[in-house]
Protein chains: 2
Amino acid sequence: MSENQNIKVAVDAIVFGYQNNQLYVLLIQQKFGTKDSYWALPGGLVQNDESLEDAVKRELKEETNISVNYFEQLFTFGDDVFRDPRNRVISVAYFALVDSSKLNVKADSDAENAQWFKIDEVPALAFDHTIILGKAMERLKAKLTYEPIGFDLLPKVFLFSELENLYCTILEKEIDRRNFRKKILSFEIVEETDHFSPLKSGRPAKLFKFNKQKYNALLDKGFHFEIKFA
Amino acid sequence: MSENQNIKVAVDAIVFGYQNNQLYVLLIQQKFGTKDSYWALPGGLVQNDESLEDAVKRELKEETNISVNYFEQLFTFGDDVFRDPRNRVISVAYFALVDSSKLNVKADSDAENAQWFKIDEVPALAFDHTIILGKAMERLKAKLTYEPIGFDLLPKVFLFSELENLYCTILEKEIDRRNFRKKILSFEIVEETDHFSPLKSGRPAKLFKFNKQKYNALLDKGFHFEIKFA
DNA sequence: GCAAAAGTGTTCGTACTACACCCATGG
DNA sequence: CCATGGGTGTAGTACGAACACTTTTGC
């Protein structure tokens, strides 16, 4: 019946970064466009002999030359038959996080025109990418509360205030500093380091790091990370 | 570069049912096989002009003639390039629930050889369908605790003991009957009916029903369904 | 009157909430 | 000595956990 199926399979990546109390997303300028072509999520067609995950990683490398800290499949968009006007295309979207060290690296070498946008300054996007981004935001907010993915948006060592601000900013909620700290520390998955913040003002703050081994060990024992708010 | 992409897009459905303290999954016998061909999840190739959701619904109708109570995208399987030995195929898997009234209906009319299997008596499946089924089970267990999808596996009116057993069975946990009832009732999303159980033995039990309108209204007010266990 | 399942209340402990003051540093 | 952010403790409350007896029916 549909032996002459003609549907293309693409992958797209939503890559989030975080810096200075701001959430960012990585976009590329489409190559085929003329001057006012839309910005779009990095992505492209899957090759015949390549897994979906390999395809996203390849596209990300080709288009932005960035490596990510966290990575998972988000959703497959294929209900709008005309989402790409050129052809029937379905897109498997992936959700990724990078730490702030990646944000300043300007689009590398053979990278195309890639750029970080503050999440509330994202322009109109190509195809249905605005919808995809919306779904990625939902996932980010949800996962932040029940998996320790916030650490993948921060440098290896970080201040408690940075972690706290990350939660406030992304979830758009107020958090009690004391309760938040108690809660996180009670999990015993973040550890003090010997180092202190290069302070701008005020009392120097300890730098902390996330102990992923310990988190994985706890997971096996049935531990469940969860942060709730008022 | 990949203008000659040759990847087929399929959809598969994992349809769960529940009856008599047993979870069931719906499988079909593959048509191209000879006698000992594998059982498989219902599904097939997507047509060029059809959305992914429409494709699953169509395949379900063609192959099993069953309509579902709950429906959502599960995951897209496309990392194993050789998951289908005939061709490169990626499969968008959907997760569905039906109530027990569907379980007794033998494969209808033009339905192929469709059959319900107890979840712990599922045979070896075609392709990577065992993996897909595993992922669907995970999703079912998880969702049961944070969304009121258990009701979609039960008849419109049901006994508290049935609801409780559903949770026990699927989650493989023991539940305190009194705490469970209190918890569910506190949500105010299930209501008594005037009817009583056709009793086999013991004291007659009230029949309850799930009020979906009320649930949706509460959702808007920020309500969050959640059931935890010891 | 006995077996079988339904229905119900209380106590206890833990975990979340709310909240305010002192500390260490740089300028 | 002042401004800036960092660091900490306590009391009240609400919710989940544990737990056992009574009720209604059929036989």
Side-chain angles (χ1 to χ4, degrees), chain A residues 19-21 144-146 154-155 157-169 171 173-209 218 221-230, chain B residues 20-21 144-146 148 154-155 157-169 171 173-209 218 221-230:
Chain A
Q19 194 175 48
N20 294 128
N21 298 348
L144 218 44
T145 71
Y146 65 84
L154 290 174
V157 297
F158 54 87
L159 304 175
F160 243 100
S161 56
E162 293 176 315
L163 184 62
E164 184 198 321
N165 279 321
L166 184 149
Y167 273 84
C168 294
T169 305
L171 299 178
K173 296 224 170 126
E174 303 234 318
I175 297 177
D176 182 277
R177 204 157 49 92
R178 293 158 289 187
N179 292 338
F180 179 78
R181 190 180 178 116
K182 253 182 296 183
K183 182 72 178 160
I184 298 282
L185 286 175
S186 75
F187 294 149
E188 300 189 305
I189 56 177
V190 300
E191 294 166 355
E192 284 185 33
T193 67
D194 300 333
H195 305 102
F196 282 77
S197 65
L199 53 80
K200 307 182 253 285
S201 78
R203 176 174 172 174
K206 285 179 203 152
L207 285 161
F208 289 82
K209 64 179 176 192
L218 285 170
K221 294 183 197 148
F223 169 73
H224 190 217
F225 181 91
E226 178 123 40
I227 300 187
K228 297 200 187 134
F229 300 98
Chain B
N20 293 127
N21 298 349
L144 218 43
T145 70
Y146 67 84
L154 290 174
V157 297
F158 53 86
L159 304 175
F160 243 99
S161 56
E162 293 176 315
L163 184 62
E164 184 198 322
N165 278 322
L166 185 148
Y167 273 84
C168 293
T169 305
L171 298 179
K173 296 226 170 124
E174 304 232 319
I175 297 177
D176 183 276
R177 206 155 50 90
R178 294 159 289 188
N179 292 337
F180 180 78
R181 189 179 178 116
K182 250 180 300 180
K183 182 73 180 162
I184 298 282
L185 287 175
S186 75
F187 294 150
E188 301 188 304
I189 55 176
V190 300
E191 293 167 355
E192 282 184 35
T193 68
D194 300 332
H195 304 103
F196 281 79
S197 66
L199 54 80
K200 308 181 255 285
S201 79
R203 176 175 176 174
K206 285 180 202 150
L207 286 162
F208 290 80
K209 66 178 175 192
L218 285 171
K221 296 183 194 146
F223 169 73
H224 190 216
F225 181 92
E226 177 125 41
I227 300 187
K228 297 200 188 139
F229 300 99

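Proteins come first, then strands; the chains are lettered A, B, ... in the order of their sequence lines, and each starts at number 1.
Going from atom CD1 of Ile227(B) over to atom C1' of dA17(D) covers 15 Å, rounded to whole Å. The distance between atom CD of Glu226(A) and atom P of dG16(D), rounded to the nearest whole Å, is 12 Å. Asp176(A) places its CG atom 13 Å from the C1' atom of dG7(D), with the value rounded to the nearest Å. When the P atom of dA6(C) is taken as reference, atom CZ of Arg203(B) falls 10 Å away, rounded to whole Å. As a whole-Å value, the separation of Lys182(A) NZ from dA11(D) P is 12 Å. Rounded to an integer number of Å, the gap from NZ of Lys200(A) to C1' of dG6(D) is 13 Å. Atom-to-atom, CZ of Phe180(A) to C1' of dC19(C) comes out at 18 Å; the value is rounded to the nearest Å. Taking atom CG of Leu159(A) as the reference point, atom C1' of dT4(D) lies 14 Å away to the nearest angstrom.
Between Lys183(A) and Arg177(B), it is Arg177(B) whose nearest contact on DNA chain C lies nearer the 5' terminus. Take the nearest nucleotide of DNA chain D for Phe160(A) and for Pro204(B): the residue whose nucleotide is more 5' is Phe160(A). Residue order along DNA chain D, read from the 5' end via each residue's closest nucleotide, puts Ser201(A) first among Ser201(A) and Leu185(A).
In this structure, the separation between CD1 on Ile175(A) and NZ on Lys183(A) is 12.5 Å, given to the nearest 0.5 Å. Atom CG of Leu166(A) sits about 8.5 Å away from atom CG of Leu171(A), to the nearest 0.5 Å.
Taking all atoms of both residues into account, the shortest heavy-atom contact from Glu226(A) to Phe187(A) is O-CZ, 3.4 Å.
For Asn179(B), taking side-chain heavy atoms from C-beta onward, the closest of the listed nucleotides dG7(C), dG7(D), dA18(D) is dA18(D). Side-chain proximity of Arg178(B) to dC16(C), dT23(D), dC19(D): nearest is dC19(D). Of the candidates dA17(D), dT8(C), dG7(D), dT8(C) carries the atom nearest the Arg181(B) side chain, counting heavy atoms from C-beta on.
Between the side chain of Lys228(B) and the base of dT14(C), no donor-acceptor pair under 3.5 Å is found. Within 3.5 Å, no donor on the side chain of Lys206(B) pairs with an acceptor on the base of dT24(D), nor the reverse.
For Tyr167(A) (side chain) and Leu144(A) (main-chain N/O), a donor-acceptor pair under 3.5 Å exists by modelled atom type.
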Where do Ile184(B) and Phe208(B) land on the side-chain contact (heavy atoms from CB on, under 4.5 Å) test, with the steps shown first?
CA-CA 11 Å; Ile184(B) 298 282; Phe208(B) 290 80; over 6 Å; no
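Contacts of Ser161(B) with the nucleic acid, taken as non-hydrogen atoms under 4.0 Å apart, involve only primed sugar atoms and P, OP1 or OP2.
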